[in-house]
There are 2 protein chains.
Amino acid sequence: MSGQRPTLAAVAARAGVSPSTASLAFSGAGPVAQETRERVLAAARELGYAGPDPLARSLRQGRSGIVATLIGERLLYAFRDPVAVGLLDGLAEVLSSLDSGLLLISGDATRTGPTPDQVARTPMDAVIFAMCGRDDDPLLDHFIGRGIPVVAVDGPHREDVAVLDVDDYGGSMALARHLAELGHRRIATVTLPSRLDGHRGPMSDERRAQVGFADVRQRLKAVEDVFGRVPVVETPTNIIEEGQQAAALLLAAPPAERPTAIVAQSDLLAVGVIRAALDSGLRVPDDLSVVGFDGIETPWLDHYVLTTVEQPYVEKGRVAGRMVAEFLAGRRPDDVRLPIEVRIGTTTAPPAAAGTLAP
Amino acid sequence: MSGQRPTLAAVAARAGVSPSTASLAFSGAGPVAQETRERVLAAARELGYAGPDPLARSLRQGRSGIVATLIGERLLYAFRDPVAVGLLDGLAEVLSSLDSGLLLISGDATRTGPTPDQVARTPMDAVIFAMCGRDDDPLLDHFIGRGIPVVAVDGPHREDVAVLDVDDYGGSMALARHLAELGHRRIATVTLPSRLDGHRGPMSDERRAQVGFADVRQRLKAVEDVFGRVPVVETPTNIIEEGQQAAALLLAAPPAERPTAIVAQSDLLAVGVIRAALDSGLRVPDDLSVVGFDGIETPWLDHYVLTTVEQPYVEKGRVAGRMVAEFLAGRRPDDVRLPIEVRIGTTTAPPAAAGTLAP
DNA sequence: TGTGTGACTCGAATCGATTCGATCGAATCG
DNA sequence: CGATTCGATCGAATCGATTCGAGTCACACA
């Protein structure tokens, strides 16, 4: 009705009490006579006052109740990734029990990430780097400089951030050994993005030396520690189509040079690899073994059971939430490494005899 | 180093200028000599000042740069719904161009929605009801009372909120007519949740009279306006499994009473219906015609092309974002109704002859 | 009757910036 | 050369609450 929205002071005046008392009446902290409280609430109702302004309250308390989550990719892609979705779900579950909101900050179609400006303007109590914590992300310094606690999921290992990850190296190593034991010698890898610049295709030495994401680096290193240098094709985004395209590149080689097994750095990419194989008339696992990483459930796999490393990604989100809670409580959470499990499925088998002995 | 984080005032003092000037140096508004600006920035660097506190700035400017999006369901379910995901993607795209952040507020495993308390404590410039705008949602009044602009996607239709929807009634009507023209007489419907209370099963008269969501109501009404009263089974969540379970209930009837066509209120539910049909040994569309709503692309449909109503859900998200932008610019956006298109696929056909003429 | 205790309320400082109007010197114009 | 204008800077008010220490009052206890 009136031009201006009423303030707590106005309500207090109307109720005939001081602003401090009115504040106590709303927040419930401190002793307030029952009758006084009711008078205040009545005054608020009459004036159409909906409760203390969150902004003013946040400023005073130095806390906004907002936890930001950085998603590297466009939401559309991130949401197609069951790992990302599971992570967010676990996270949301815990945050909501903390009475904190989940603010999504994502890249978009044109930019590769959020503008530093937007990040600097947004109030947040803590930030989570979800699947996009490049070791040298400039935003990291910003947050640290601001004193905003950072939880890095699979993210940069640094002194000043709390890290939550799995044993990427060990998991990938186990898969690589599995392939080696089956007799594979010609291996290739399809990797997740090594940085968010949209690059697609064979990975140059230069890029290989500058892989920005720790998990990508570890998973790649494990394979190379078993097989030595292998052909690597990089994808710009963790979606099936990119895996398919990358694998098509690898499978276009003449049969004698064609890999007998492909290590995909994610299950989603692995699905793409399988599709590419089928597209080229190859049978999986007879002509091509495929392994992934993550352990997602997906309807895209038909009757296959993917050989992969299972990681508890929903729990990962929950743990990330709990680490944030620790920070908010003023403590510095310990780094966490969640357990993984290797699952041998039906997408791996010994390589076809061709090449080892002439038929 | 020092116990406290530096403030703008400290930086100003160090640079030998007034706080007002320092503020201008950072914000870029107003004229500041090049040399002065540099002096201020240098002082900031020396003190480790990361820029103005977003909370203080927000309080003064009365704007937080945060747009909240209410998701009724648990994120895990919402993210399995391509419509929800597409909507969020379009929304995020526009919001990020507005330099606003996307705050997700969702229900969780235990509660059916966010606590009013959390909502009241969170600073936000605008709010979007995405697929959860019950006509009588108490949160609505809260936002209105706070003066926070509301954009309601698919309802609720109220004077004081901006609505963005499609012609649910018209679309469903077209589908219903299509089925009628094919000769179907025994129809049943599987609906989306009529309210978020986890109810599953046949819809009682009482619930039917109290459908909280406008789109659900319209889609149901259209079917009944063509076929009269039909059996209705309600689902608690828009996921395939629920559609399957609901349809199983309907298909358990003896053949003579079994519906020859099922109208699912979403494509996801329709996929479930098809599965249930196949589970019961029925052929689609020969023994059972199925229609959906939304027009999603999904790998779950095998070779079927679903008969459905296509709505532009990514664009829907973008438009919602633009409506928010209008509000933020101080204008009241007009309500928007996006165009839809009926797509006749391969999941509908005339009913089997049985029942009309004895073979 | 003096004093301690506890419940309740208030005043004033504070959170950290932004912004409006005023000031002041230098440059421009007639 | 005086009047205007413009650019740069500053002071002070303001955004809307929370919080802490202090003050008041009634009641109980010795």
Side-chain angles (χ1 to χ4, degrees), chain A residues 2-40 43-44 47-65 120-125 145-148, chain B residues 2-40 43-44 47-65 120-125 145-148:
Chain A
S2 61
Q4 292 301 317
R5 207 148 290 284
T7 69
L8 181 59
V11 172
R14 170 127 193 170
V17 299
S18 76
S20 18
T21 303
S23 172
L24 294 183
F26 275 104
S27 70
V32 175
Q34 183 62 23
E35 191 235 355
T36 309
R37 158 180 275 104
E38 276 160 15
R39 200 141 39 88
V40 172
L47 265 50
Y49 178 76
D53 181 344
L55 277 174
R57 167 201 293 249
S58 297
L59 172 59
R60 185 65 239 253
Q61 300 187 329
R63 180 167 297 190
S64 62
R121 283 172 193 279
T122 309
M124 52 185 88
D125 298 337
R146 264 253 152 71
I148 299 177
Chain B
S2 60
Q4 292 300 317
R5 206 148 290 285
T7 70
L8 181 60
V11 172
R14 170 128 193 167
V17 299
S18 76
S20 19
T21 303
S23 172
L24 294 184
F26 274 103
S27 71
V32 175
Q34 183 62 23
E35 191 236 354
T36 309
R37 158 181 275 106
E38 276 161 14
R39 200 142 38 88
V40 172
L47 265 51
Y49 179 76
D53 180 344
L55 278 174
R57 166 200 296 247
S58 298
L59 172 59
R60 184 65 239 254
Q61 300 188 331
R63 179 167 296 191
S64 62
R121 283 172 192 278
T122 308
M124 52 185 88
D125 297 338
R146 264 254 152 69
I148 299 177

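Proteins come first, then strands; the chains are lettered A, B, ... in the order of their sequence lines, and each starts at number 1. Heavy atoms only: backbone and side chains are in, while hydrogens, waters and symmetry mates are out.
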K.L.:
Could you work out how much the helix from C:dT1-D:dA30 to C:dG30-D:dC1 bends, comparing the axis of its first five pairs with that of its last five, to 10°?
P.N.:
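Helix axis angle between the two ends: 40°.
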K.L.:
Using a 3.5 Å distance criterion without hydrogens, assess whether the side chain of A:Arg5 forms a donor-acceptor pair with backbone atoms of B:Gly145.
P.N.:
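Judged by distance alone, yes, a pair lies under 3.5 Å.
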K.L.:
Could you measure the distance from the CG atom of A:Leu59 to the CZ atom of B:Arg60? Nearest 0.5 Å is fine.
P.N.:
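With rounding to 0.5 Å, CG (A:Leu59) is 12.5 Å from CZ (B:Arg60).
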K.L.:
Scan residues 13-26 of chain B against DNA chain C and write down, sorted by residue number, each residue with any heavy atom closer than 4.0 Å; if none is found, say none.
P.N.:
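B:Ser20, B:Ser23, in order of number.
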K.L.:
Are any non-hydrogen side-chain atoms of B:Leu55 and A:Ser58 less than 4.5 angstrom apart?
P.N.:
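Sidechains of A:Ser58 and B:Leu55: in contact.
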K.L.:
Identify the 5'-most and 3'-most nucleotides of DNA chain D with at least one atom closer than 4.0 Å to a non-hydrogen atom of chain B.
P.N.:
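Here the contact window of chain B covers D:dA8 to D:dG16.
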K.L.:
Quick one: A:Gln34 CD to C:dT9 P, roughly how many Å, whole number?
P.N.:
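A:Gln34 atom CD is separated from C:dT9 atom P by 11 Å.
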K.L.:
What heavy-atom pair brings A:Ser64 and B:Pro123 nearest, and what distance separates the two atoms?
P.N.:
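Result for this residue pair: O-CD, 3.8 Å.
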K.L.:
Where is the tightest heavy-atom contact between A:Gly51 and A:Phe26, given as atom of each residue plus distance?
P.N.:
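Heavy atoms of A:Gly51 and A:Phe26 come nearest at CA-CE2, 4.3 Å.
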K.L.:
On a heavy-atom basis, which atom in A:Tyr49 and which in A:Pro6 lie closest, and how many Å separate them?
P.N.:
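For A:Tyr49 versus A:Pro6, the nearest heavy atoms are CD1-O, 3.3 Å.
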K.L.:
To the nearest 0.5 Å, what is the distance between CZ on B:Arg57 and OG1 on A:Thr122?
P.N.:
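Here the interatomic distance stands at 10.0 Å.
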K.L.:
Once you apply a heavy-atom cut-off of 4.0 Å, does A:Pro31 come out as touching a base, just sugar-phosphate, or nothing?
P.N.:
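Contact class for A:Pro31: base.
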K.L.:
For A:Thr36, answer base if it contacts any base atom (sugar-phosphate contacts may also be present), sugar-phosphate if it contacts only those atoms, and nothing otherwise; contact means non-hydrogen atoms under 4.0 Å.
P.N.:
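Sugar-phosphate only.
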K.L.:
Would you mind reading off the distance between A:Arg37 atom CZ and C:dA7 atom C1', rounded to a whole angstrom?
P.N.:
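A:Arg37 atom CZ is separated from C:dA7 atom C1' by 14 Å.
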K.L.:
Locate the shortest heavy-atom distance separating B:Val11 from B:Ala44; write the atom from each residue and the value.
P.N.:
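Closest pair (atom of B:Val11, atom of B:Ala44, distance): CG1-N, 3.8 Å.
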K.L.:
Tell me which of A:Leu59 and A:Ala29 sits closer to the 5' end of DNA chain D, going by the nucleotide each one is nearest to.
P.N.:
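Nearest nucleotide further toward 5': that of A:Leu59.
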K.L.:
Using side chain to side chain contact (heavy atoms under 4.5 Å, CB included) as the criterion, point out the one residue from A:Thr36, A:Val32, A:Val40 that pairs with A:Leu24.
P.N.:
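In the set A:Thr36, A:Val32, A:Val40, the residue that makes a side chain to side chain contact (heavy atoms under 4.5 Å, CB included) with A:Leu24 is A:Val32.
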K.L.:
Do A:Pro54 and B:Arg146 make a side-chain contact, defined as non-hydrogen atoms from C-beta onward lying under 4.5 Å apart?
P.N.:
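Yes. Closest side-chain heavy atoms under 4.5 Å.
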